[in-house]
Amino acid sequence: MIRLENLSVTYPGGLTALSPTSLEIRRGETTVLLGASGAGKSTLLRCLNHLNRPTSGSVRIDGLGPLSRRENLLAHRRRTGMIFQQHQLIGRLTALRNVLTGRLGFHSTWRSLFPLPHEDQCVALEALERVGLLDKALERVGNLSGGQQQRVGIARAIAQRPAIILADEPVASLDPHTASRVLDLIRRICTEDGIPAVVSLHQVDLARRFADRVIGLAAGRVVYDGAAEELADID
Ligand code: ADP
Ligand code: ADP
(Lines give C-alpha, C1' and ligand atoms only; values in the text may rest on other atoms or scores of the structure.)
(Ligands and ions follow the chains in the order given, each with its own letter.)
Protein backbone atom coordinates (compact mmCIF):
# COMPACT_ATOMS: atom_id res chain seq x y z
CA MET A 1 0.00 0.00 0.00
CA ILE A 2 1.17 3.50 -0.85
CA ARG A 3 -0.43 6.36 1.01
CA LEU A 4 -0.26 9.99 -0.08
CA GLU A 5 -1.54 12.47 2.46
CA ASN A 6 -2.23 16.04 1.43
CA LEU A 7 0.72 15.93 -0.90
CA SER A 8 1.38 19.19 -2.72
CA VAL A 9 4.22 20.66 -4.73
CA THR A 10 4.75 24.34 -5.47
CA TYR A 11 7.93 25.01 -7.42
CA PRO A 12 10.19 27.96 -6.63
CA GLY A 13 8.67 30.76 -8.65
CA GLY A 14 5.20 29.95 -7.37
CA LEU A 15 3.79 27.43 -9.84
CA THR A 16 1.64 24.84 -8.05
CA ALA A 17 2.31 21.66 -10.01
CA LEU A 18 0.33 19.51 -7.58
CA SER A 19 -2.53 20.73 -5.39
CA PRO A 20 -3.03 18.90 -2.07
CA THR A 21 -3.77 15.29 -2.97
CA SER A 22 -4.59 12.27 -0.79
CA LEU A 23 -4.61 8.80 -2.35
CA GLU A 24 -4.08 5.15 -1.52
CA ILE A 25 -2.59 2.77 -4.06
CA ARG A 26 -2.90 -0.98 -3.49
CA ARG A 27 -0.55 -3.91 -4.21
CA GLY A 28 -0.84 -5.69 -7.50
CA GLU A 29 -2.87 -2.82 -8.88
CA THR A 30 -1.80 -1.08 -12.05
CA THR A 31 -2.53 2.60 -11.69
CA VAL A 32 -2.24 4.98 -14.61
CA LEU A 33 -1.69 8.69 -14.08
CA LEU A 34 -3.42 10.13 -17.11
CA GLY A 35 -3.02 13.73 -18.17
CA ALA A 36 -1.78 16.12 -20.81
CA SER A 37 1.73 17.49 -20.79
CA GLY A 38 2.16 19.77 -17.77
CA ALA A 39 -0.66 18.15 -15.76
CA GLY A 40 1.71 17.21 -12.94
CA LYS A 41 2.31 13.51 -13.63
CA SER A 42 6.10 13.63 -13.38
CA THR A 43 5.91 15.81 -10.30
CA LEU A 44 3.74 13.23 -8.55
CA LEU A 45 5.98 10.34 -9.64
CA ARG A 46 9.06 12.21 -8.47
CA CYS A 47 7.45 12.62 -5.05
CA LEU A 48 6.89 8.85 -4.88
CA ASN A 49 10.60 8.35 -5.49
CA HIS A 50 11.56 11.24 -3.20
CA LEU A 51 13.30 13.08 -6.01
CA ASN A 52 10.95 15.99 -5.34
CA ARG A 53 10.52 17.28 -1.85
CA PRO A 54 6.81 17.99 -1.38
CA THR A 55 5.79 21.46 -0.24
CA SER A 56 3.31 19.83 2.12
CA GLY A 57 2.08 16.37 3.02
CA SER A 58 3.74 12.99 2.98
CA VAL A 59 4.23 9.72 1.11
CA ARG A 60 4.32 6.36 2.88
CA ILE A 61 5.12 3.10 1.17
CA ASP A 62 4.43 -0.06 3.20
CA GLY A 63 7.48 -2.14 3.90
CA LEU A 64 9.75 0.89 3.54
CA GLY A 65 10.46 2.87 6.68
CA PRO A 66 9.68 6.53 7.29
CA LEU A 67 11.90 8.93 5.49
CA SER A 68 13.48 10.71 8.39
CA ARG A 69 16.78 8.86 8.13
CA ARG A 70 19.32 8.83 5.34
CA GLU A 71 19.52 5.04 5.18
CA ASN A 72 15.76 4.89 4.69
CA LEU A 73 16.01 7.17 1.69
CA LEU A 74 18.64 4.91 0.13
CA ALA A 75 16.49 1.85 0.88
CA HIS A 76 13.51 3.53 -0.80
CA ARG A 77 15.50 4.31 -3.93
CA ARG A 78 16.97 0.81 -4.06
CA ARG A 79 13.51 -0.78 -3.85
CA THR A 80 11.83 1.61 -6.31
CA GLY A 81 12.04 0.35 -9.88
CA MET A 82 12.03 3.29 -12.29
CA ILE A 83 11.20 2.99 -15.98
CA PHE A 84 11.84 6.10 -18.07
CA GLN A 85 10.61 7.42 -21.39
CA GLN A 86 14.08 7.37 -22.92
CA HIS A 87 14.99 4.24 -20.92
CA GLN A 88 18.22 5.84 -19.58
CA LEU A 89 20.31 2.86 -20.61
CA ILE A 90 23.99 2.91 -21.54
CA GLY A 91 24.07 2.12 -25.25
CA ARG A 92 27.63 0.86 -25.49
CA LEU A 93 27.17 -1.66 -22.65
CA THR A 94 25.49 -5.02 -23.04
CA ALA A 95 21.91 -5.66 -21.98
CA LEU A 96 23.25 -7.75 -19.08
CA ARG A 97 25.55 -4.95 -17.84
CA ASN A 98 22.69 -2.47 -18.00
CA VAL A 99 20.42 -4.75 -16.01
CA LEU A 100 23.20 -5.25 -13.47
CA THR A 101 23.16 -1.52 -12.72
CA GLY A 102 19.83 -2.30 -11.04
CA ARG A 103 21.87 -4.25 -8.48
CA LEU A 104 24.24 -1.41 -7.57
CA GLY A 105 22.09 -0.24 -4.68
CA PHE A 106 22.50 -3.62 -2.98
CA HIS A 107 26.24 -3.12 -2.50
CA SER A 108 27.77 -0.79 -0.01
CA THR A 109 30.95 -0.22 -2.03
CA TRP A 110 31.80 -0.71 -5.68
CA ARG A 111 34.62 -3.01 -4.58
CA SER A 112 32.11 -5.67 -3.59
CA LEU A 113 31.07 -5.76 -7.26
CA PHE A 114 34.43 -7.18 -8.43
CA PRO A 115 34.34 -9.95 -9.26
CA LEU A 116 30.64 -9.67 -9.89
CA PRO A 117 28.75 -11.75 -7.33
CA HIS A 118 27.12 -14.83 -8.76
CA GLU A 119 23.80 -13.93 -7.17
CA ASP A 120 23.62 -10.59 -8.99
CA GLN A 121 24.34 -12.24 -12.31
CA CYS A 122 21.58 -14.78 -11.68
CA VAL A 123 19.07 -12.08 -10.74
CA ALA A 124 19.96 -10.06 -13.86
CA LEU A 125 19.73 -13.05 -16.22
CA GLU A 126 16.43 -14.10 -14.69
CA ALA A 127 15.11 -10.56 -15.22
CA LEU A 128 16.18 -10.65 -18.89
CA GLU A 129 14.47 -14.00 -19.28
CA ARG A 130 11.23 -12.57 -17.91
CA VAL A 131 11.18 -9.84 -20.53
CA GLY A 132 12.00 -12.33 -23.29
CA LEU A 133 15.52 -11.06 -23.95
CA LEU A 134 17.80 -13.73 -22.52
CA ASP A 135 19.19 -14.32 -26.00
CA LYS A 136 20.21 -10.63 -26.18
CA ALA A 137 22.05 -10.59 -22.83
CA LEU A 138 25.45 -10.03 -24.44
CA GLU A 139 24.23 -7.68 -27.18
CA ARG A 140 25.06 -3.99 -26.90
CA VAL A 141 21.92 -2.09 -25.97
CA GLY A 142 22.60 0.47 -28.71
CA ASN A 143 22.06 -2.29 -31.29
CA LEU A 144 18.60 -3.25 -29.98
CA SER A 145 15.24 -1.93 -31.23
CA GLY A 146 13.30 0.69 -29.26
CA GLY A 147 10.90 -1.90 -27.85
CA GLN A 148 13.73 -4.20 -26.88
CA GLN A 149 15.56 -1.33 -25.18
CA GLN A 150 12.51 -0.52 -23.12
CA ARG A 151 12.27 -4.21 -22.15
CA VAL A 152 15.88 -4.02 -20.94
CA GLY A 153 14.77 -1.00 -18.88
CA ILE A 154 12.00 -3.12 -17.39
CA ALA A 155 14.48 -5.93 -16.65
CA ARG A 156 16.71 -3.45 -14.83
CA ALA A 157 13.75 -2.41 -12.67
CA ILE A 158 12.89 -6.09 -11.94
CA ALA A 159 16.51 -6.74 -10.93
CA GLN A 160 16.02 -4.26 -8.11
CA ARG A 161 13.46 -6.64 -6.59
CA PRO A 162 11.32 -3.54 -6.26
CA ALA A 163 8.56 -2.85 -3.74
CA ILE A 164 6.98 -0.59 -6.35
CA ILE A 165 7.44 0.19 -10.04
CA LEU A 166 7.17 3.76 -11.29
CA ALA A 167 7.12 4.44 -15.00
CA ASP A 168 7.13 7.96 -16.45
CA GLU A 169 5.67 7.91 -19.98
CA PRO A 170 7.37 4.57 -20.68
CA VAL A 171 5.90 4.19 -24.16
CA ALA A 172 5.89 7.78 -25.41
CA SER A 173 8.58 7.08 -27.99
CA LEU A 174 7.26 3.70 -29.19
CA ASP A 175 4.85 2.83 -31.98
CA PRO A 176 1.33 1.78 -30.83
CA HIS A 177 1.87 -1.96 -31.28
CA THR A 178 5.16 -2.00 -29.37
CA ALA A 179 3.69 0.36 -26.77
CA SER A 180 0.88 -2.12 -26.00
CA ARG A 181 3.34 -4.97 -25.64
CA VAL A 182 5.57 -3.02 -23.29
CA LEU A 183 2.61 -1.98 -21.14
CA ASP A 184 1.27 -5.55 -21.05
CA LEU A 185 4.67 -6.70 -19.87
CA ILE A 186 4.79 -4.15 -17.03
CA ARG A 187 1.29 -5.13 -16.00
CA ARG A 188 2.01 -8.86 -16.07
CA ILE A 189 5.13 -8.53 -13.97
CA CYS A 190 3.44 -6.38 -11.33
CA THR A 191 0.49 -8.76 -11.13
CA GLU A 192 2.74 -11.82 -10.85
CA ASP A 193 4.93 -10.22 -8.20
CA GLY A 194 2.07 -8.54 -6.34
CA ILE A 195 3.66 -5.10 -6.46
CA PRO A 196 1.97 -1.83 -7.36
CA ALA A 197 2.81 -0.05 -10.58
CA VAL A 198 2.20 3.64 -11.17
CA VAL A 199 2.53 4.51 -14.83
CA SER A 200 2.03 7.91 -16.42
CA LEU A 201 0.48 8.10 -19.88
CA HIS A 202 -1.15 10.77 -21.99
CA GLN A 203 -3.25 8.47 -24.23
CA VAL A 204 -6.79 7.70 -23.04
CA ASP A 205 -7.12 4.54 -25.16
CA LEU A 206 -3.93 3.00 -23.77
CA ALA A 207 -4.94 3.90 -20.22
CA ARG A 208 -8.32 2.25 -20.67
CA ARG A 209 -6.81 -0.98 -21.99
CA PHE A 210 -3.93 -1.25 -19.57
CA ALA A 211 -4.96 0.18 -16.19
CA ASP A 212 -6.89 -1.27 -13.29
CA ARG A 213 -7.37 2.23 -12.03
CA VAL A 214 -7.00 5.59 -13.71
CA ILE A 215 -6.15 8.80 -11.91
CA GLY A 216 -6.75 11.72 -14.21
CA LEU A 217 -4.70 14.84 -13.56
CA ALA A 218 -5.28 18.31 -14.98
CA ALA A 219 -3.37 21.39 -13.87
CA GLY A 220 -2.14 19.59 -10.75
CA ARG A 221 -5.55 18.39 -9.59
CA VAL A 222 -7.11 14.94 -9.56
CA VAL A 223 -10.07 15.26 -11.94
CA TYR A 224 -10.89 11.55 -12.26
CA ASP A 225 -10.26 8.54 -10.06
CA GLY A 226 -11.90 5.27 -10.96
CA ALA A 227 -11.91 2.04 -12.87
CA ALA A 228 -10.35 2.16 -16.32
CA GLU A 229 -13.41 0.70 -18.04
CA GLU A 230 -15.60 3.54 -16.74
CA LEU A 231 -13.33 6.12 -18.28
CA ALA A 232 -15.33 8.06 -20.83
CA ASP A 233 -13.95 9.47 -24.05
CA ILE A 234 -12.55 12.56 -22.41
CA ASP A 235 -9.21 14.15 -22.97
P1 ADP B 1 3.65 16.25 -16.68
O2 ADP B 1 4.56 15.18 -16.23
O3 ADP B 1 2.20 15.89 -16.53
O4 ADP B 1 3.96 16.75 -18.06
P5 ADP B 1 5.08 17.94 -14.81
O6 ADP B 1 4.93 17.38 -13.47
O7 ADP B 1 6.35 17.72 -15.54
O8 ADP B 1 3.83 17.51 -15.70
O9 ADP B 1 4.88 19.52 -14.76
C10 ADP B 1 3.79 20.14 -14.06
C11 ADP B 1 3.99 21.66 -14.10
O12 ADP B 1 5.12 21.99 -13.28
C13 ADP B 1 4.29 22.20 -15.47
O14 ADP B 1 3.65 23.45 -15.58
C15 ADP B 1 5.79 22.34 -15.48
O16 ADP B 1 6.18 23.37 -16.33
C17 ADP B 1 6.09 22.68 -14.03
N18 ADP B 1 7.42 22.20 -13.59
C19 ADP B 1 7.89 20.93 -13.67
N20 ADP B 1 9.11 20.84 -13.13
C21 ADP B 1 9.44 22.08 -12.69
C22 ADP B 1 10.58 22.64 -12.04
N23 ADP B 1 11.63 21.88 -11.72
N24 ADP B 1 10.55 23.96 -11.75
C25 ADP B 1 9.48 24.72 -12.07
N26 ADP B 1 8.38 24.26 -12.67
C27 ADP B 1 8.35 22.96 -12.99
P1 ADP C 1 10.56 -4.96 -31.00
O2 ADP C 1 11.13 -4.34 -29.79
O3 ADP C 1 11.55 -5.13 -32.07
O4 ADP C 1 9.26 -4.36 -31.41
P5 ADP C 1 8.90 -7.17 -30.37
O6 ADP C 1 8.21 -6.68 -29.15
O7 ADP C 1 8.17 -7.17 -31.64
O8 ADP C 1 10.28 -6.41 -30.52
O9 ADP C 1 9.41 -8.62 -30.08
C10 ADP C 1 10.50 -9.18 -30.78
C11 ADP C 1 10.51 -10.67 -30.48
O12 ADP C 1 10.68 -10.89 -29.06
C13 ADP C 1 9.23 -11.33 -30.89
O14 ADP C 1 9.55 -12.37 -31.77
C15 ADP C 1 8.60 -11.85 -29.64
O16 ADP C 1 8.21 -13.19 -29.80
C17 ADP C 1 9.68 -11.76 -28.58
N18 ADP C 1 9.12 -11.21 -27.35
C19 ADP C 1 8.63 -9.97 -27.18
N20 ADP C 1 8.20 -9.77 -25.93
C21 ADP C 1 8.40 -10.92 -25.28
C22 ADP C 1 8.17 -11.38 -23.94
N23 ADP C 1 7.63 -10.58 -23.02
N24 ADP C 1 8.51 -12.63 -23.63
C25 ADP C 1 9.04 -13.42 -24.54
N26 ADP C 1 9.30 -13.07 -25.81
C27 ADP C 1 8.99 -11.84 -26.18
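Position 1 is the first residue of the sequence; numbering continues from there. Every number for a ligand or one of its atoms is a count from 1 in the order of the listing.
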So, the side chain of [X] versus the backbone of [Y]: is there a donor-acceptor pair under 3.5 Å, distance only?
X: Lys136; Y: Leu96; answer: no
X: Gln203; Y: Pro176; answer: no
X: Lys41; Y: Gly35; answer: yes
X: Ser56; Y: Leu7; answer: no

> Taking atom types as modelled, is there a side-chain donor on Thr16 or Thr10 under 3.5 Å from an acceptor on the other?
Replying inline: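 Yes, a side-chain donor-acceptor pair sits under 3.5 Å.
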Any nitrogen or oxygen of [X] lying under 3.5 Å from a nitrogen or oxygen in ligand 1? Just yes or no.
X: Pro12; result: no
X: Ala17; result: no
X: Leu15; result: no
X: Asp168; result: no

Non-hydrogen atoms of [X] versus ligand 1: any pair closer than 4.0 Å?
X: Ser37; answer: yes
X: Ala36; answer: yes
X: Gly13; answer: no

Looking only at protein heavy atoms, identify the closest one to [atom] and say how far it is in Å.
atom: atom 8 (O) of ligand 1; result: Gly40 N, 3.1 Å
atom: atom 18 (N) of ligand 1; result: Tyr11 CE1, 3.4 Å
atom: atom 5 (P) of ligand 1; result: Thr43 OG1, 3.7 Å
atom: atom 13 (C) of ligand 1; result: Gly38 O, 3.8 Å
atom: atom 7 (O) of ligand 1; result: Ser42 CB, 3.7 Å

>> Are Ile164 and Phe106 linked, directly or through intermediate hydrophobic residues, by side-chain heavy-atom contacts shorter than 4.5 Å (ILVMFWY only)?
In response: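 Per the 4.5 Å side-chain linkage, Phe106 and Ile164 are not co-clustered.
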> Would a hydrophobic clustering, with Ile, Leu, Val, Met, Phe, Trp and Tyr connected at side-chain separations under 4.5 Å, put Leu100 with Val123?
Replying inline: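 Different clusters: Leu100 never reaches Val123 through Ile, Leu, Val, Met, Phe, Trp or Tyr contacts under 4.5 Å.
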> Mind checking whether Leu93 and Arg140 have side chains closer than 4.5 Å, heavy atoms only?
Replying inline: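 Contact flag for Leu93/Arg140 side chains = no.
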>> Please find the pair of heavy atoms, one from Asn98 and one from Ile90, that lie closest to each other, and give the distance.
In response: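 Where Asn98 meets Ile90 most closely, the heavy atoms are OD1-N, 2.7 Å.
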>> Closer than 4.0 Å to some heavy atom of Ala39 - which atoms of ligand 1 meet that?
In response: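 Counting atoms of ligand 1 from 1, those under 4.0 Å from Ala39 are 1 (P), 3 (O), 8 (O).
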>> Closer than 4.0 Å and a protein heavy atom, does any atom meet both conditions relative to atom 16 (O) of ligand 1?
In response: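 Within 4.0 Å of atom 16 (O) of ligand 1, no protein heavy atoms are found.
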